[in-house]
Every structure is written in structure tokens, then in C-alpha cells.
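The analysis underlying the following values was restricted to heavy atoms, covering all of them including side chains, and did not include hydrogens, waters or symmetry mates.
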Amino acid sequence: MKKYLLMASAIFAFSADTHAMSETMTTGYTETKYPIVLVHGFLGFEQLSGVDYWYKIPETLQQDGAEVFIARVSNTNYPEVRGEQLIEQIEEVLAITGAEKVNLIGHSHGGPTTRYAGSVRPDIVASVSSISGVNKGTVVADTLMEWSDNSEVFGDAFEVFISGISQFISFASGSDLPLAPVESVRSMTTEASVVFNAAHPGGIPDSKCGEGDYEYNGVRYYSWAGAKPLTNILDPLEPITIAFSQFFPEGVANDGFVDPCTSNLGMVIRNDFAMTHLDEVNQMLGLHAINETDPLTVFRTHANRLKNAGL
């Protein structure tokens with residue numbers, strides 16, 4: 001099985017939209033049966049200005065035997081649109097590797113995106129793992145959309161602002177996929193999530209902060225999340241998570257974007273890691289809470305969990 005290397009200095013792509021990591025000496029600890037496909041969240045990217053969205057995560061998993069691919073989906077759009085883009089790339093991965101299925105891992109808006117793929121194509125998805133996914137929406141989106149709907153001035157300004165960021169990320173990351181910035185935010189509201197979950201119920205808990213079905217229609221579901229908007233004062237991105245944490249009611253745990261209870265899906269590994277929404281994917285550049293769980297360790301352990309489950 002031939003693999004390809006994705007690095008900041010050299011990219012050998014098997015297609016325009018999906019990349020796999022290179023083959024190295026491995027221990028087998030993360031050597032899952034099926035390839036792992038990482039799916040970014042809202043305003044996400046593969047690489048931007050030399051910084052990987054999944055900072056050191058693919059390399060870490062690869063070193064111990066996993067076969068890892070990074071999907072490229074629209075940085076803003078409905079989860080159904082992103083999900084269809086993802087399905088096309090899953091089919092490419094299967095064609096290249098000869099595997100029958102893949103293990104999907106999605107962060108933030110990548111949660112509903114991967115869930116959509118698992119829902120409509122369970123024949124090619126072995127598992128869906130959601131990292132602080134907006135599985136039941138987020139108060140951040142609720143508030144922004146309420147302000148936009150009730151104030152034309154704010155709504156117009158918000159659309160210009162979020163569209164500008166989305167278009168910049170698309171340009172800077174070399175993507176030409178369709179964008180829908182405001183619609184993407186609206187899809188993360190509690191109201192929109194209720195509709196989405198009715199159509200794609202796999203793994204969604206019935207209770208407020210419980211677990212969902214571990215397996216639904218042949219697909220295994222897992223989740224984990226952080227619960228701290230501030231973990232390292234040296235991290236230049238933490239003012240963002242601190243600012244958005246103000247949207248949450250006093251006393252409600254959050255990672256700066258999502259209430260961990262609303263992110264629960266299937267088997268909940270943990271929903272109280274000392275991580276911000278960005279720490280969860282090892283940003284910024286690996287800065288996270290000192291003396292707390294390393295995000296890379298969480299990924300390695302989960303890959304081993306998938307391996308032991310025969311996935």
C-alpha cells in the first residue's frame with residue numbers, strides 16, 4: 001500500500017482534495033483496521049500560512065501505524081454540503097487503499113459533517129468520532145443569529161465580516177470549494193440542530209448530558225470535548241475562546257465555543273478535558289494547559305481504542 005507525505009515543505013498528493021501521510025517505522029499502537037480521515041470544523045483548513053489545522057496529529061498517529069488522511073471540505077457551508085464533499089473523498093481513500101471503510105474524526109462543525117457521511121453512507125464508514133462537535137448546537141451561533149435577525153445593521157456587518165474571513169481562508173489555503181458563511185453559522189444553532197438530528201440521529205443522546213447509542217446502523221459513535229476557555233496565557237489564540245465564552249450563561253462549562261454536554265455523541269470518552277476549543281486540535285502550535293492531558297495523547301489513545309474495537 002503506497003502512502004504519501006504531507007508536510008509544510010513538500011506535498012505529494014494522490015488527489016487535489018485528500019492527502020495521506022508517509023510510511024514510517026511503527027509500533028502498531030495506532031494501527032487501525034480502517035484508515036482514519038480527519039475533518040476540520042468551521043473556518044477550518046488543511047494548512048494556512050505554514051500552520052496545520054491538525055497540528056502534529058497526523059504525524060503522531062502515523063508514527064505508531066495509523067494510515068491518516070486529511071479531508072478538504074468547505075470552510076463554511078451546511079453540514080450536508082460538507083458531508084457530500086467528504087463522501088467523495090472517502091470513496092477516493094477506499095479506491096487508493098483498498099479498504100472497505102474509514103474511521104472519521106471531526107472537530108467542531110466537522111462533527112455534524114462526519115455524522116452526515118456516516119448516516120447516508122454507513123456502508124463506507126466504520127466509526128464517527130466527534131471532538132467538541134456542535135451536535136446539539138451552540139449558544140454562540142444562537143446569539144449571533146438572533147442579533148443578525150433582529151438588527152439589519154448587525155446582520156449586514158456580520159455577513160461582511162464572516163464572509164471576509166471565510167474567503168480569506170479559502171484563498172490562503174488554496175481551496176475553491178463553495179462557501180456559505182452565514183448559513184454555516186445558522187446550521188450550528190440549537191434550532192437547526194434539532195432538525196438535522198431528526199434526519200441523522202446516530203449517536204445523539206436523548207438526555208441533556210448523557211451518552212447516545214454506541215452503534216447505530218452499523219456505525220460506531222464516539223466523542224470527547226474540552227471544558228476550559230482559558231488554559232495557557234502564552235497561547236495567542238486564547239483571547240478568541242475567552243471572548244466567545246462570554247456568550248454562555250454563568251456557571252455553564254464550555255471550551256470557548258461549545259458546551260461539552262451538547263457535544264456528547266455515542267460513547268463519551270470525556271467531556272471535561274482542560275482544553276479550549278482550539279487546544280482540542282493541538283492549537284496554537286501545541287500550546288495547551290501545563291500538567292494536563294496532551295491533545296496528542298488523546299488522539300493516540302483513541303486510535304488504539306478503535307484498533308481494539310476491530311475498527
Side-chain angles (χ1 to χ4, degrees), residues 30 32-41 57 61 66 71 79-80 82-83 86-87 90 100-138 187-188 190 193-227 253-255 257-273 275 277 280-281 293 295 297-311:
T30 62
T32 55
K33 178 179 179 180
Y34 302 114
I36 293 173
V37 179
L38 304 174
V39 185
H40 68 68
I57 293 168
L61 294 176
E80 294 90 344
R82 287 162 45 97
L86 175 59
I87 288 170
I90 292 173
E100 297 178 351
K101 299 182 177 182
V102 297
N103 292 304
L104 299 176
I105 300 180
H107 176 239
S108 191
H109 205 209
T113 302
T114 52
R115 287 173 47 216
Y116 175 86
S119 176
V120 303
R121 290 298 308 273
D123 57 312
I124 58 174
V125 176
S127 71
V128 170
S129 300
S130 172
I131 309 170
S132 196
V134 285
N135 296 316
K136 288 189 176 180
T138 169
S187 75
M188 292 186 279
T190 302
S193 296
V194 170
V195 176
F196 182 84
N197 292 344
H200 310 288
I204 291 295
D206 292 328
S207 61
K208 180 179 179 181
C209 201
E211 294 185 302
D213 291 335
Y214 285 12
E215 183 173 328
Y216 184 88
N217 206 13
V219 179
R220 293 293 300 269
Y221 288 89
Y222 304 87
S223 64
W224 71 86
N254 66 89
D255 63 2
F257 284 99
V258 178
D259 170 351
C261 280
T262 64
S263 75
N264 285 1
L265 184 76
M267 178 188 291
V268 179
I269 309 307
R270 272 185 65 179
N271 66 1
D272 63 350
F273 281 112
M275 298 180 190
H277 199 68
E280 292 154 359
V281 289
T293 306
T297 300
V298 179
F299 277 90
R300 291 185 69 253
T301 303
H302 187 56
N304 182 255
R305 181 179 294 109
L306 295 174
K307 173 187 175 180
N308 292 337
L311 303 175

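Residue Val120 comes nearest to Ile87 through the heavy atom pair CG2-CD1, 3.3 Å, listed as atom of the first residue, atom of the second, then distance. Across every non-hydrogen atom of Lys101 and Pro35, the tightest pair is O-CD, 3.4 Å. Counting all heavy atoms, side chain and backbone alike, Gly83 lies closest to Thr113 at N-CG2, 3.7 Å. The two residues Tyr216 and Pro201 come nearest to each other via the heavy atoms OH-CG, 3.4 Å. Shown here for Asn135 and Ser130, the closest heavy-atom pair between the two residues is ND2-OG, 3.1 Å. Closest approach of Ser193 to Val134, counting heavy atoms only: OG-O, 4.0 Å.
Within 6.0 Å of the CD atom in Glu100, the count of heavy atoms belonging to other residues, nucleotides or ligands does not exceed 12. Crowding of Asp123 atom CG: a count of heavy atoms from other residues, nucleotides or ligands under 6.0 Å exceeding 12.
No donor-acceptor distance shorter than 3.5 angstrom exists from the side chain of Ser132 to the backbone of His277, with no hydrogens or angles considered. Using a distance-only test at 3.5 Å, with no hydrogens or angles considered, no donor-acceptor pair links the side chain of Ser119 to the main chain of Arg115. A distance-only check finds no donor-acceptor pair linking the side chain of Ser108 to the backbone of Gly110 [under 3.5 Å]. Using a distance-only test at 3.5 Å, with no hydrogens or angles considered, no donor-acceptor pair links the side chain of Lys307 to the main chain of Ala66. A donor-acceptor contact shorter than 3.5 Å is absent between the side chain of Thr114 and the backbone of Val128. Judged by distance alone, the side chain of Thr30 and the main-chain N or O of Leu61 form a donor-acceptor pair under 3.5 Å. Under the 3.5 Å distance criterion, the side-chain polar atoms of Glu280 are matched with a main-chain donor or acceptor of Gly226.
Put simply, the side chain of Trp224 reaches to within 4.5 Å of the side chain of Ile131, judged on heavy atoms. Put simply, the side chain of His200 does not reach to within 4.5 Å of the side chain of Pro112, judged on heavy atoms. Between Val298 and Met275 the shortest side-chain heavy-atom distance falls below 4.5 Å.
One distance of note links OG1 of Thr262 with CD1 of Ile204; it measures 9.5 Å at 0.5 Å rounding. The distance from the CZ atom of Arg220 to the CG atom of Asn103 is 10.5 Å, given to the nearest 0.5 Å. One distance of note links NE2 of His302 with CD1 of Ile105; it measures 5.0 Å at 0.5 Å rounding. Rounding to the nearest 0.5 Å places CG of Asp259 at 7.0 Å from NZ of Lys208. Taking OG1 of Thr32 as the start and CG of Leu306 as the end, the distance is 6.5 Å to the nearest 0.5 Å. Taking OH from Tyr34 and CG from Leu311, the interatomic distance works out to 7.0 Å, rounded to the nearest 0.5 Å.
Listed by chain and number, the residues in a salt bridge (charged side-chain N to carboxylate O under 4.0 Å, His left out) with Arg300 are Asp64 (sequence neighbours excluded).
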| message | The test is side chain to side chain contact (heavy atoms under 4.5 Å, CB included); show your working for Val219 and Leu104 and say whether it passes. | response | CA-CA 10 Å; Val219 179; Leu104 299 176; over 6 Å; no
| Where do Leu86 and Val37 land on the side chain to side chain contact (heavy atoms under 4.5 Å, CB included) test, with the steps shown first? | CA-CA 9 Å; Leu86 175 59; Val37 179; 4.1 Å; yes
| request: Please test Glu211 against Met267 for side chain to side chain contact (heavy atoms under 4.5 Å, CB included), starting from the C-alpha separation and ending with a verdict. | output: CA-CA 6 Å; Glu211 294 185 302; Met267 178 188 291; 4.1 Å; yes
| side chain to side chain contact (heavy atoms under 4.5 Å, CB included) between Ser127 and Tyr222, worked out | CA-CA 8 Å; Ser127 71; Tyr222 304 87; 4.2 Å; yes
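Counting only N and O atoms by type, the side chains of Asn264 and Ser223 include no donor and acceptor under 3.5 Å apart.
Between Tyr116 and the choices Arg121, Arg82, Glu80, the side chain to side chain contact (heavy atoms under 4.5 Å, CB included) rule is met once, by Glu80.
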